[in-house]
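See structure below.
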2 protein chains.
Amino acid sequence: MHINKTMLFKGIDENDCKRMLKCFKAEEKNYKSGDTICNYSEKTDFIGIVTSGSVNVIRGDENGNISILEHIEENGLFGKYFIYPASVGEGIYVVCDCACTVIFIESFHITKRCSKACVCHSTVVSNMFDIVTEKSKELSSHLIVLSCRSTREKLLCCFRLLSAQSQSTSFELPFSATALAEYICVDRSAMTRELKKMKEECIITMNKRKVTLL
Amino acid sequence: MHINKTMLFKGIDENDCKRMLKCFKAEEKNYKSGDTICNYSEKTDFIGIVTSGSVNVIRGDENGNISILEHIEENGLFGKYFIYPASVGEGIYVVCDCACTVIFIESFHITKRCSKACVCHSTVVSNMFDIVTEKSKELSSHLIVLSCRSTREKLLCCFRLLSAQSQSTSFELPFSATALAEYICVDRSAMTRELKKMKEECIITMNKRKVTLL
DNA sequence: AATGTGTTGTTGCTTTTGCAACAAATATAA
DNA sequence: TTATATTTGTTGCAAAAGCAACAACACATT
């Protein structure tokens with residue numbers, strides 16, 4: 001594992017990274033698929049760096065519906081306080097999408113400079129800016145998907161964004177069908193029904209997770 | 001108008017602000033209620049600082065439905081490139097909520113340091129970080145609202161967030177009824193019907209824009 | 001006060017979506 | 001491999017939400 005492949009330590013020498021991780025009192029943990037990594041109702045303010053695998057930030061409601069708020073791939077980062085307002089957190093969890101490794105760092109280590117004032121800390125702060133900007137873009141894309149009024153429009157909007165990302169009319173879904181329904185916040189069976197109609201109307205083709213917009 | 005009341009120039013001396021605005025080739029424009037300020041499908045990369053009034057970032061779909069993506073109050077900031085991914089923009093507009101004044105600055109002036117290398121530019125960059133963080137929090141709150149499956153849950157979720165913000169069970173809606181429906185992305189008449197039921201079930205009381213959670 | 005413009009409230013009807021339940025297919029673990 | 005769990009596809013039925021149309025109301029302008 002190369003820590004400088006992660007978004008937070010990008011552009012920093014591997015040895016400097018190791019030194020900083022020690023200084024930041026970073027802790028590494030391993031999880032298996034389906035494990036709950038943390039609960040955003042906890043008050044502790046830390047960030048999690050996903051060094052292998054991928055995780056989802058989910059919200060569960062009182063009726064048992066699950067919604068995926070964020071999907072975080074390898075080398076991505078999650079954390080309550082730098083993205084959600086203090087008042088939310090109830091019902092929000094980070095769960096493993098597959099077996100994964102996460103490095104935890106308490107947030108104040110990132111934001112407040114330590115006495116050693118190492119130069120590479122500036123790079124971390126600058127990377128943090130890029131991460132927050134990137135997160136905004138992902139949140140806004142997701143918001144645009146959810147602002148669509150019908151299941152079909154949500155699906156098409158989501159597919160168009162993925163298509164633009166891959167610069168092709170064909171692309172691989174980063175989700176299972178169940179997870180896709182949770183991401184667009186609709187009932188799974190209703191989504192399947194709509195996808196079937198869309199295939200029949202020749203708007204899309206689907207093969208496992210590979211989607212093509214026609 | 002005090003430019004250092006805005007989020008971007010916070011903490012900077014008024015004279016320095018004026019000097020920077022000149023250096024940034026800032027342009028001020030006035031609008032009246034309902035005016036379209038800009039269209040995010042345009043390629044120009046600028047930010048807009050709302051120095052008076054308030055604006056909404058909206059998205060219109062092919063059926064004529066309007067969704068409010070962001071609501072920006074006085075001293076807030078809008079801009080396509082620091083928040084939306086390059087592929088979106090089609091159908092997204094910034095419109096005036098009421099008469100307002102906006103200062104436009106091309107983004108590269110903010111991100112790229114000019115040769116004069118003034119100290120206060122660092123404060124602007126640091127403020128920009130805070131603004132993006134703040135935006136993330138607003139986007140994530142909105143996302144949580146839209147992740148709710150029913151109109152009632154969307155309303156309650158939205159009301160609970162506003163209640164937490166005002167630290168009271170009573171609060172003033174920042175929206176008209178029509179705009180609230182556009183913010184939670186549901187049909188206005190269906191929303192009114194649901195609000196009526198909620199009043200009858202003694203879950204809320206409403207008086208004009210003042211809402212109380214019971 | 002009269003007029004026009006826009007917002008809010010209301011309702012019947014239609015369509016979409018959610019829910020529940022189960023079968024089929026696939027993946028995972030023993 | 002076999003057993004077990006999970007995911008996917010399907011459907012009928014009920015509930016929720018959207019649509020359209022209009023009346024009531026509020027507000028600003030003349």
Side-chain angles (χ1 to χ4, degrees), chain A residues 31-35 53 56 58 60-68 95-99 145-156 173-201 204-211, chain B residues 32-35 56 60-68 95-99 145-157 173-201 204-211:
Chain A
Y31 299 91
K32 57 182 194 299
S33 184
D35 278 0
N56 287 321
I58 64 160
D61 70 12
E62 47 279 13
N63 307 312
N65 295 308
I66 298 292
S67 302
I68 294 177
V95 293
C96 287
D97 203 28
C98 53
V145 171
L146 296 195
S147 76
C148 296
R149 305 309 173 89
S150 67
T151 300
R152 174 174 296 210
E153 281 176 294
K154 283 187 179 111
L155 283 167
L156 279 174
L173 286 177
F175 298 116
S176 69
T178 306
L180 178 61
E182 289 167 356
Y183 181 79
I184 67 172
C185 302
V186 300
D187 179 72
R188 184 194 58 82
S189 69
M191 186 193 77
T192 311
R193 184 160 39 196
E194 197 59 44
L195 280 171
K196 195 184 167 194
K197 278 194 217 163
M198 288 164 77
K199 286 174 210 160
E200 283 166 5
E201 293 175 32
I204 56 162
T205 64
M206 266 184 96
N207 192 329
K208 302 253 177 192
R209 288 190 181 188
K210 183 167 181 173
V211 179
Chain B
K32 58 182 194 300
S33 184
D35 278 0
N56 288 321
D61 71 12
E62 47 280 14
N63 305 312
N65 294 308
I66 298 293
S67 302
I68 294 177
V95 293
C96 287
D97 203 28
C98 53
V145 170
L146 296 195
S147 76
C148 296
R149 305 310 173 89
S150 65
T151 301
R152 175 174 295 208
E153 281 176 294
K154 285 191 179 106
L155 283 167
L156 278 174
C157 183
L173 286 176
F175 297 116
S176 68
T178 305
L180 178 61
E182 288 166 356
Y183 181 80
I184 67 171
C185 302
V186 299
D187 179 72
R188 184 192 59 81
S189 69
M191 186 192 79
T192 310
R193 184 157 40 195
E194 198 58 46
L195 279 171
K196 195 185 168 193
K197 279 193 214 162
M198 289 164 75
K199 286 174 209 160
E200 281 165 7
E201 293 175 32
I204 56 161
T205 64
M206 266 185 95
N207 191 330
K208 301 254 177 189
R209 287 191 182 188
K210 183 168 182 172
V211 179

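Chain A is the first sequence line, chain B the second, and so forth, proteins listed ahead of strands; every chain is numbered from 1.
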Between CD of A:E182 and P of D:dT7 the distance, given in whole Å, is 9 Å
**Asked** Do A:D187 and A:T151 come within less than 4.5 Å of each other through their side chains, counting heavy atoms only?
**Response** no
Q) Is any N or O donor-acceptor pair between the side chain of B:R188 and the base of D:dG18 shorter than 3.5 Å? A) no
Atom CG of A:N65 and atom C1' of C:dC19 are separated, to the nearest Å, by 10 Å
Is any NZ, NE, NH1 or NH2 atom of the basic residue among A:E201 and A:R152 found under 4.0 Å from an Asp or Glu carboxylate oxygen of the other? yes
Closest of D:dA17, C:dG18, D:dC27 to the A:D187 side chain is C:dG18
A:I184 CD1 to C:dT16 C1', in whole Å, measures 14 Å
Among the nucleotides D:dA17, D:dC19, C:dT10, whichever has the atom closest to the side chain of B:T192 is C:dT10
Comparing A:R149 with A:L195, nearest DNA chain D nucleotide closer to 5' gives the residue A:L195
Looking only at heavy atoms, the pair that brings A:I184 and A:K154 closest together is O-CD, 3.3 Å
Side-chain contact check for A:R193: nearest option of D:dC19, C:dG18, C:dT7 is C:dG18
Rounded to whole Å, the NZ-C1' distance (A:K32 to C:dT28) equals 13 Å
To the nearest angstrom, the CZ-C1' distance between A:R209 and C:dA27 comes to 12 Å
Against the side chain of A:S189, the closest entry in C:dT17, C:dA20, D:dC19 is C:dA20
At less than 4.0 Å, is any side-chain N or O atom of A:T151 found next to OP1 or OP2 of C:dT17? Yes or no. yes
Taken to the nearest whole Å, CG/A:L173 to P/D:dT8 is 11 Å
DNA chain C nearest-nucleotide lookup for A:K208 and A:C185: closer to the 5′ end is A:C185
Which of D:dG18, D:dT11, C:dT8 is nearest the side chain of A:K196? It is D:dT11
B:E153 CD to D:dA15 C1', in whole Å, measures 14 Å
Is any side-chain N or O of B:T178 closer than 4.0 Å to OP1 or OP2 of C:dG6?
-> no
Can you find a heavy atom in the side chain of B:M206 that is under 4.5 Å from one in the side chain of B:L173?
yes
In whole angstroms, the gap separating P of D:dT10 from NZ of A:K197 amounts to 13 Å
Only residue of A:E200, A:E194, A:M198, A:K199 satisfying side chain to side chain contact (heavy atoms under 4.5 Å, CB included) with A:K196 is A:E200
Ranking C:dT17, D:dT10, D:dT8 by distance to the side chain of A:S176, first place goes to D:dT8
